[in-house]
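Atoms within a ligand are numbered from 1 in the order they appear, just like the ligands themselves. Note that these values count all heavy atoms, side chains included, but never hydrogens, waters or copies made by symmetry.
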Amino acid sequence: MSAPPRFVQVAVPVPVDGLFTYRAPDAGPIGPGFRVKVPFGPRRLVGLVVAEPTDAPPEGVEAKTVRPVAEVLDDAPVVGAAELRLAGWLADYYLAPPGEAYALLLPPRMTKLEDDAVAPLKGLTEDLVRRLPDAQDTGRLGPKMLEALAWLEDAGEATLSELRAATGLGRDVVKRLEARGLVAIEQQDVARDPFTGTPVKRDEAPPLMPEQAAVVARVSTALGAYHGFLLHGVTGSGKTEVYLGVIDAALAAGKGALVLVPEIALTPQLAARFRARLGERVAVQHSGLAPEARLEQWMRIRSGELPVVVGARSALFAPVKDLGVIVVDEEHEASFKQDTSPRYNARDLALVRGHLQGVPVVLGSATPSCESWANAKAGKLELLSLPGRVMARAMPEVDVVDLRTAPVADAERLFSLPLVEAVRAAVDGGNQAILFLNRRGFASFLLCQSCGSTLDCHACSVTYTWHRRRGRLVCHLCDQVRSRPATCPSCGADALSEMGFGTEQVEARLTELLPGVRVARMDRDTTRGRALERLLGRFRRREIDVLIGTQMVAKGHDFPNVTVVGVLLAELGLGFPDIRASERTFQLLTQIAGRAGRADLPGRVLVQTYTPEHYAIRHAIHHDTLAFLGQELPLREARGFPPATFLALFRLTGKDPVKTARAAEELARALREAAAPHVASVRVFPAQPAPIERINHRYRFQVLVRGAKRGVLHHVLSETRPRWSRGLEGGIHVALDVDPLTFL
Ligand code: ADP
Ligand code: ZN
């Protein structure tokens, strides 16, 4: 008697809705968590079996049309049941293609076809370009060579691909610079891990402050079951020590831990602190890891050899053995939300994983998000507080500099006299300063003073940003670069002037105002990967007096000699068309102010603003998160925004503006029909052009849907799923963002 047929549901890593049914071999082990090689259209792909085999295909699938699995790749499941459930939850809640959700569970190497895996590994060594500081003969260089050189002067050294990503310039330009003796090109092993390649001195935990000890004790008693905590601790209150204490407790109980941090590449110091304490037991996951290294780490995490995983959002899916606790640091950060499909929020999913696996979850922040605060008020999260800094250090004193009345130091009104004087005093006293402005580039845009037109990117509905050092106009949306025209392209007048300012101009002004002060700039233009690490190292060794940067400088750094922090223009983010503009501004200002006075030296923060009375600025100045949230939450509720409601945003993009607009209207109509039985709780807003109407030649429209409850919103979205999940006619692309964090 022959065995009954077996059918399996397979998640195939493609952006297509649904699971796919295949026929399993009649004999041999197969089940949830096994990888299989399957035919998919004309291709073969590696998919993941997500459920137990059944003896009949699901309803609506004819047995004779089902294709067989080409090969079962494992003889035991490689992915555990808990992780499978997490990915299934993600696909369902975010209405994301299941294949993309399940793909998060495996390192890329494990979904490669064998033929690929044995192919020679490309990209393992890569050329490193280094500026030779002694070579100064830069006469008679072409504009491209000058641009590459200017960029390298900031970066120090970089891989060719980093240079290309930042400037669009390639090997030919670098070769010419090498021929002139200005740069050196070296072979470099990029697999060398910036986080684990350098040895870290072991250190011991300091005795915890009583407040820290109380928090660690409370969380430790919760090990073994799900419990959500919101740890609100002011900047410098010692939250990281608390996390380490909680992890210790988990390890002592024979369990592992997951620590999610925003943008780990920006905070090598945090990773170093974990390694210094936990040594070889911690896996640090970051985007710079080569695929082989990621696979190796994944294996060692899975075997229990590395019980602690520290990483950015994707680390949430790490196969930690006997998970004991999950920590999400800086839980308010938008970078926990993935902005490409599947658009999940790792902070929210951390709570789901905690639920599914019965482990406590700690969300920590100095500036909790409105969502988490509302959850704490509703009793869904238990609030824990660290109200003061460690060692009774003072919170930095924050002074407002009202730019409407303050004496200014430069014609562009970038610097007030008090700010310049404070920076001078810090540097004269042998200390350091950080200056913050959330806009890169030199000038925001070029304006013709004769005809009034601006220099706009031809692919996007925004102006180019002028980067003086590079001598280039750059589109910050599509990264397109062009040279600066001598005269206005619209009217021909010689009247192009630079409007607005960015970090590059702040750097130039400060160098004029305080000659001799060593200034460096840190933003997306100058600083990635290794260059960032080196820049932070130079600042830490006090080879730099003043660090100027965008929000990158606000992120969790701990520099003991920084006594002055200056904010150039506090309200810069308030004009954004975003329901969270005030919240973001409050969080950024509070975080940046927290960079001052973190060691034994008192710190001072100067906030320049034209609107000191705005509540986001006022409460940040007083480090008063409770007052801010107390004002923001009722406003959100009155306006019908999250966390009082739940949102989903459809983004439609297409080459033809009329067709794309029409498609958006049709989608809105379909959504409205589906929402009709729930008029009281679901609202579909009219289709609209997105705030940025065009990016990269594609027109953008959006449809916003709001629900009073998650459940009914989800129901309406699911009902219409067949209408949008396969894309629309005419090459119009539709993306759904559940719980969106950006509306641009
Ligand atoms: P947060 O993450 O809350 O901003 P950190 O954990 O970075 O704060 O702590 C701020 C500083 O205080 C760090 O330099 C840290 O090493 C130090 N610190 C934390 N806890 C203690 C403690 N119990 N005793 C002494 N120093 C501590
Ligand atoms: Zn553009």
Per-atom filter on ligand 1: closer than 4.0 angstrom to a heavy atom of Arg393 are 12 (O)

**Report entry** Gln432-Arg542 side chain donor-acceptor pair, cut-off 3.5 Å
**Finding:** no

message: Any donor-acceptor pair under 3.5 Å linking the side-chain atoms of Glu331 with those of Ser369?
response: yes

If we number the atoms of ligand 1 from 1 as shown, the ones under 4.0 Å from a heavy atom of Thr235 are 4 (O)

Counting heavy atoms under 4.0 Å, the part of Pro560 that contacts ligand 1 is neither

So the atoms of ligand 1 within less than 4.0 Å of a heavy atom of Gln212 turn out to be 19 (C), 20 (N), 22 (C), 23 (N)

Practice item. Before signing off on this row, confirm whether Leu208 and ligand 1 have an N or O atom pair separated by under 3.5 Å. Key: no

Any heavy atom of Val234 under 4.0 Å from ligand 1? The part involved is backbone

Does any N or O of ligand 1 fall below 3.5 Å from an N or O anywhere on Thr240, backbone included?
yes

Original post:
When the aromatic ring centroids of His232 and His332 are compared, is their separation below 6.0 Å?
Top reply: no

What I want to know is whether Gly238 and ligand 1 share at least one N or O pair that is separated by under 3.5 angstrom.
yes

Query raised in the report: Any N/O/S atom of Cys478 sitting less than 2.8 Å from the Zn ion (ligand 2), backbone or side chain?
Result: yes

If we number the atoms of ligand 1 from 1 as shown, the ones under 4.0 Å from a heavy atom of Lys239 are 1 (P), 2 (O), 3 (O), 4 (O), 6 (O), 8 (O)

Examine Cys475 and say whether one of its N/O/S atoms is closer to the Zn ion (ligand 2) than 2.8 Å.
yes

* Apply side-chain contact (heavy atoms from CB on, under 4.5 Å) to Glu371 and Asp348, showing your working. => CA-CA 10 Å; Glu371 280 78 4; Asp348 298 341; 5.9 Å; no

Original post:
Is a side-chain donor-acceptor pair under 3.5 Å present for Gln591 with Thr367?
Top reply: yes

The side chain to side chain contact (heavy atoms under 4.5 Å, CB included) partner of Leu384 among Leu230, Val216, Val219, Val242 is Val219

Backbone or side chain, does any N or O of Met391 fall under 3.5 Å from an N or O of ligand 1?
no

Checking heavy-atom distances from atom 7 (O) of ligand 1 to each of Glu211, Arg389, Arg273, Glu241, the winner is Arg273

Side chains of Arg343 and Thr340: donor-acceptor distance under 3.5 Å anywhere?
no

Does a sphere of radius 6.0 Å around CZ in Arg468 hold more than 12 heavy atoms from other residues, nucleotides or ligands, not counting ones at 6.0 Å or beyond? no

Quiz item: Does the side chain of Arg389 come under 3.5 Å of the side chain of Thr235 through a donor N or O and an acceptor N or O?
Solution: yes

Per-atom filter on ligand 1: closer than 4.0 angstrom to a heavy atom of Pro207 are 22 (C), 23 (N), 24 (N)

Honestly, for Pro206 the part within reach of ligand 1 (heavy atoms, under 4.0 Å) is side chain

One should read off an interatomic distance between Leu446 CG and Leu496 CG, to the nearest 0.5 angstrom, of 6.0 Å

Does some non-hydrogen atom of Gly233 fall short of 4.0 Å from ligand 1? no

